[in-house]
J.: 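Take this structure, written in structure tokens, and hold onto it; I'll ask about it next.
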Amino acid sequence: MRGMSRTFIGVAWPYANGPLHLGHIAGCYLPADIYARYMRLRGEEVLMVSGSDQHGTPITLHAEEEGTTPEEIAERYHRRNAESLRRLGISFDLYTKTHREGHFRVVQDIFLTLLNKGFIYRKSMESPYCPKCKRFLPDRYVEGTCPYCGYPKARGDQCDNCGRTLDPKDLIDIKCKICSSTPEFRETEHFYLKLSAFEGRLREWVSGKRNWRANTLNLTMNWLKEGLKDRPITRDITWGVPIPVDGYEDKRIYVWFDAVCGYLSASLQWAEETGDKEAWKRFWLDENTRHVYFLAKDNIPFHTIIWPAMLMGYSEQYHLPDDVPANEYLKLGGEQFSKSRGHALWLDDFLERYSADNVRFYLSYIMPENRDATFDMEEFVQVVNTELVGNVGNFIHRALSFTATRFGEVPGLGELTDADREMLSHLERSFRDVGDLLDGFRFKEALKRALELSHEANRYFSSQEPWKLIKGERERCGTVLNVSLQVVKGLLMMLHPFVPFKTSEMWRELTGKGIQESHWEDALGGVEEGRVLRKTPPPFSKIEPFEKVEEREVKEMEEKEYVTVEEFLRMGLVVGKVLEVKDHPKADKLYLLKVDIGEEVRQIVAGLKGIYTPEELEGKLIVIIKNLKPAKLRGEISEGTLLAAENDKGVVSILQPDKEIEPGAPIH
RNA sequence: AGCGGGGUGGGGUAGCCAGGAUAUCCCGGCGGGCUCAUAACCCGCAGAUCGGUGGUUCAAAUCCACCCCCCGCUACCA
């Protein structure tokens with residue numbers, strides 16, 4: 001495992017249809033980054049790439065909902081997610097995207113090569129087509145009654161009630177999920193990837209991977225055991241990589257075929273950008289490179305079956321995945337994170353409030369390596385405060401600050417006692433263990449081993465009582481501090497892959513070097529005697545819980561963007577005076593208000609009947625949004641709206657100025 | 001339905017594949033110590049018949065069988 005010269009790290013491509021949440025991070029970005037940082041420290045040449053997966057039907061629909069283009073949606077989330085990942089300190093060598101010329105070329109090249117070799121073939125299928133939406137519907141976008149259990153909202157691919165896998169044709173009373181009209185079935189020709197042709201080779205290849213994680217290996221073996229089915233790799237949509245064959249202008253390459261090609265296209269892009277166009281070959285065509293892919297459990301077959309099959313078919317020379325350490329899921333309040341339902345903690349929200357180190361620390365601490373884990377806000381605060389701040393941070397700080405204030409420099413090492421020797425051997429042992437665990441992708445365990453060492457160091461420090469030694473045994477005290485500082489140095493290195501920001505700073509403080517320029521093994525080389533140490537603030541500070549953010553709603557979360565002052569002013573909030581209140585002729589809860597807003601009198605339709613009487617309203621000063629787009633409500637025009645508060649019990653309260661002021665007075 | 005993962009003191013969690021003597025660690029509770037350090041740190045105590053039943057074995061949290069419960073996946077949510 002060690003001693004290889006190069007490591008390629010591929011990380012699953014997040015779908016650019018929404019923001020990243022903590023589940024994504026714990027699932028693959030953080031473990032990938034921990035590994036990449038560790039490998040670089042060990043002197044490996046690392047290439048870590050990923051990017052936004054920007055194609056597919058959900059993005060098209062999202063764009064339609066917002067009245068914009070798929071490009072706009074895909075770019076928005078690409079930029080936003082790239083920025084979040086950068087702030088979290090995920091050290092990609094390149095984070096790119098799939099809607100790119102260079103990516104298209106690679107996908108089309110792989111596609112054509114497989115086509116020419118007979119690994120891709122054409123076949124007709126019957127697919128639901130919505131005449132009203134004028135498009136073919138993906139399985140998830142048709143709904144109907146389940147033929148097995150009678151559940152009326154079964155999807156085209158599966159019934160959520162009884163769990164059975166379905167074909168859209170099985171559904172009774174089939175409906176288009178977008179417009180509710182009845183789709184018809186139309187013949188459409190598609191390209192199929194001949195997975196069945198690779199079964200033998202894949203089986204042989206996988207048989208050499210006995211050290212893979214249980215979830216990865218079992219799932220893969222199971223697919224192979226059941227026999228591989230050829231799968232269609234094109235769809236009837238127009239947002240995606242075009243098919244490089246004439247006559248298929250209305251179809252695109254299916255996103256999963258598209259996305260995995262990104263590993264290669266991103267490598268090419270990286271090579272180009274670094275100025276050495278051939279550089280990618282070292283990673284893809286050289287035997288001495290190791291390929292590791294980080295992803296979560298739902299993505300396993302794409303990386304252990306489909307992508308390897310594609311590579312095998314494409315060329316004999318390309319490097320296949322060596323390991324695929326897939327994680328389980330991070331859950332929230334007992335349920336899975338869900339983009340669509342807004343049940344999530346968004347990364348950018350979180351980074352507004354907490355440091356990247358804090359977030360990384362906790363997610364590493366509970367990392368769902370072998371089983372689903374649960375994100376718990378209280379636990380987050382507690383673990384950061386007790387382990388990162390109280391245990392490690394405190395030890396580092398007490399050793400450094402004691403040395404700084406009493407010696408001002410790193411004291412020399414005198415004669416060692418048994419306790420010193422035990423401490424140092426504990427350090428070395430932990431250091432080896434952490435390295436071995438990281439090599440084996442056991443990140444959570446590695447972190448805990450480092451924390452244990454820190455506990456041991458706190459014990460050592462307490463038992464040696466340097467604050468007493470300083471009074472009469474200065475040299476002995478210096479020795480204890482020297483040993484402690486050696487442990488600090490080791491801890492900084494061991495923790496660096498997990499909490500890179502603060503450990504870099506502290507490492508420079510202690511050694512004068514950047515940790516990036518240091519080697520993993522430098523951690524055990526002792527501390528530089530006589531090096532001047534300044535008093536520094538504690539490395540980590542305690543945190544407080546976020547207010548109850550866990551159950552926030554979709555819209556709020558997803559479109560959370562600040563309102564600018566300009567936007568606020570554009571609404572045209574002004575004081576209005578109610579002149580007259582009449583019943584709406586065709587609605588039993590609406591009033592028609594005549595409101596003086598200074599420059600003119602507006603008619604406003606308000607749903608206040610039964611809440612306020614006309615007498616209560618007439619003459620009242622209220623707040624009006626005058627620039628609201630006029631709308632007809634039951635036939636009556638409403639030119640603006642009034643502001644009122646309403647709680648979940650249905651209590652409604654109108655906002656009004658608290659002193660007399662003339663109608664039309666602007667609010668800002 | 002099939003497949004994958006899991007059920008361990010009040011909460012969370014390690015150990016299980018390669019069976020063994022006081023079942024790990026964090027939080028929480030209780031009691032003590034220290035005063036270098038961010039009310040931190042250190043020590044001690046209470047608390048688990050390791051989902052259930054049966055089996056293999058000198059010995060089972062660990063292996064086998066059956067059952068119950070939770071979570072996930074089933075080809076576009078990490």
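Note: hydrogens, waters and symmetry copies are ignored here, and every other heavy atom, side chains too, is used.
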J.: Is any side-chain heavy atom of A:Glu378 closer than 4.5 Å to one of A:Pro545?
T.: no
J.: Do the ring centers of A:Tyr362 and A:Phe350 come within less than 6.0 Å of each other?
T.: no
J.: In whole angstrom, give me the gap between the C1' atoms of B:G72 and B:A21.
T.: 38 Å
J.: Tell me the partner of B:G2, counting only Watson-Crick (N1-N3 plus N6-O4 or O6-N4) or G-U wobble (N1-O2 and O6-N3) with both under 3.5 Å; none if nothing fits.
T.: B:C73
J.: When the P atoms of B:G10 and B:C50 are compared, how many Å lie between them, rounded to an integer?
T.: 13 Å
J.: Please confirm whether the shortest side-chain N or O distance from A:Trp256 to OP1 or OP2 of B:C76 is below 4.0 Å.
T.: yes
J.: In whole Å, what separates the P atom of B:C43 from that of B:G6?
T.: 33 Å
J.: Name the nucleic acid region contacted by A:Asn385, choosing base, sugar-phosphate or nothing; use a 4.0 angstrom heavy-atom cut-off, strictly under.
T.: nothing
J.: Report the base-pairing partner of B:U49 (Watson-Crick or G-U wobble, both distances below 3.5 angstrom), or none.
T.: none
J.: Please measure how far the C1' atom in B:A48 lies from the corresponding atom in B:G7, and state the result in whole Å.
T.: 14 Å
J.: Look through every strand shown and name the nucleotide pairing with B:G44 as Watson-Crick or G-U wobble, where both distances are under 3.5 Å.
T.: B:C30
J.: Is the positively charged end of A:Arg398 above the ring of A:Phe402, judged by distance under 6.0 angstrom from the centroid and angle within 45° of the axis?
T.: no
J.: Quick test of the criterion, 5.5 Å between centres and less than 30° between planes. Is A:Trp467 stacked on B:C36 or not?
T.: yes
J.: When you measure from the centre of the six-membered ring of A:Phe407, is the NZ or CZ of A:Arg474 under 6.0 Å away and within 45° of the axis?
T.: yes
J.: OP1 or OP2 of B:C76 less than 4.0 angstrom from a side-chain nitrogen or oxygen of A:Tyr254, does that happen here?
T.: yes
J.: Please compare A:Leu219 and A:Ser541 by the position of their nearest nucleotide in RNA chain B and report the one closer to 5'.
T.: A:Leu219
J.: Just checking A:Phe402: base, sugar-phosphate only, or nothing, at a heavy-atom cut-off of under 4.0 Å?
T.: sugar-phosphate
J.: Tell me the partner of B:C16, counting only Watson-Crick (N1-N3 plus N6-O4 or O6-N4) or G-U wobble (N1-O2 and O6-N3) with both under 3.5 Å; none if nothing fits.
T.: none
J.: Under 4.0 Å, counting only non-hydrogen atoms across every strand here, what does A:Asp298 touch: a base, just sugar-phosphate, or nothing?
T.: sugar-phosphate
J.: Can you tell me the distance, in whole Å, between the CG atom of A:Leu330 and the C1' atom of B:G72?
T.: 13 Å
J.: Return the value, rounded to whole Å, for the distance between atom CG of A:Leu451 and atom P of B:U13.
T.: 17 Å
J.: Just so I know, are the side chains of A:Leu510 and A:Met506 near enough to count as touching, which here means a heavy-atom distance under 4.5 Å?
T.: no
